Amino acid sequence: MIIIGELINASREAIKAAIESQDSAAIQKVAQDQARAGADYMDVNAGIFLDQEPEYLKWLVRMVQTATDKPCAIDSPNPAVIEAAVMVHQGTPLINSISLEKERFDRLLPFVAGTDFKVIALCMSDEGMPQTVDDRLRIADKLVGGLLNNNVKVENIFVDPLVQPLSVNNSYGLAFIDAMEKILDNYPGIHTACGVSNISYGLPARKYLNHIFMTMAISKGLDGAIINPLDRRLMAGIIAAEALAGRDDFCMNYLKAFREGLFEG
Ligand code: THG
């Protein structure tokens, strides 16, 4: 499972404040905490700052990379902002994300063509959010086809079928999971990823829904997640689910997590 730490996101009050006051130590601490907790990538998002988004996102990349050895997941709907942040990034970033929205697709496709960047392909188009499994599959086919035709390796693509709130439509949980399964079948070697917390939007006790949804998705092949790695129960659940899904040889990761005390408390 590839863990993408979600906490360095300006939609969170503490991060917004740290960015505004250019508090390096505060951002570096969140980066180090997430790295220590097992994040493989550090999502960075400054999307709430419209004019200053590029400057602030570049600063976040530098903060993460001076504090940890983890690469960033560059998270913006604006392709120009993604390009600016990638330019200051050392090593191989994860692009979060390309979508089928025309502006995003047309600009990011040549940018990622032939590179070793990891790319999240978000199932969204100019027609808005996908509703059904078929909507998701149609978008995924065009995204993956475009990326493969532009020499992005299948193993560097993470399709995000887009998690939508169960409170809006009770088919959204399974629509995500069914689409994900079919995408994994259609493109051997491809990865999937999602931000899990959208599933519980508008409902109480969100953590329960998030945790169980995560487990259900892992059982069907989910191998990338944008989550809070400081949530120990969630991390413990992920490790148990991966072992149960047959993706942890000799339960090595499970045993290691146990020895490290992840299942205590
Ligand atoms: N797909 C892709 N990228 C994404 C999303 C997605 N990027 C943004 C978002 N969705 C995922 N990132 C976040 C970041 C913060 C929060 C939720 C999703 C959040 N965190 C809690 C808070 O601040 O209250 C803290 C979490 C906790 O304590 O458990 O709200 O879907 N490709």
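Residue numbers count from 1 along this sequence. These numbers were taken from a predicted model, which means no experiment stands behind them. For ligands, and for the atoms within them, numbers begin at 1 and follow the listed sequence.
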(message) Just checking Glu103: does its CD atom have more than 12 heavy atoms from other residues, nucleotides or ligands closer to it than 6.0 angstrom?
(response) no

(message) Measuring centre to centre across the rings, with the benzene-like ring taken for any Trp, is Phe213 within less than 6.0 Å of Tyr208?
(response) no

(message) Taking ring-ring contact (aromatic ring centres under 6.0 Å, His included) as the definition, give me every residue that meets it alongside Tyr201, ordered by chain and number, with sequence neighbours left out.
(response) none

(request) Tell me, with the steps shown, if Leu57 and Val44 meet side chain to side chain contact (heavy atoms under 4.5 Å, CB included). (result) CA-CA 7 Å; Leu57 197 59; Val44 286; 3.9 Å; yes

(request) Apply salt bridge (Lys or Arg N to Asp or Glu O under 4.0 Å) to the pair Lys182 and Asp178, showing each step before the final yes or no. (result) CA-CA 6 Å; Lys182 294 199 166 86; Asp178 289 353; 5.3 Å; no

(request) Could you tell me which non-hydrogen atom of Tyr254 sits nearest to which non-hydrogen atom of Ala243, and how far apart they are? (result) CB-CB, 4.3 Å

(message) I'd like the contact residues of ligand 1, where contact means a heavy atom below 4.0 Å.
(response) Glu6, Asn9, Arg12, Asp75, Asn96, Ile120, Asp160, Gly195, Ser197, Ile226, Asn228

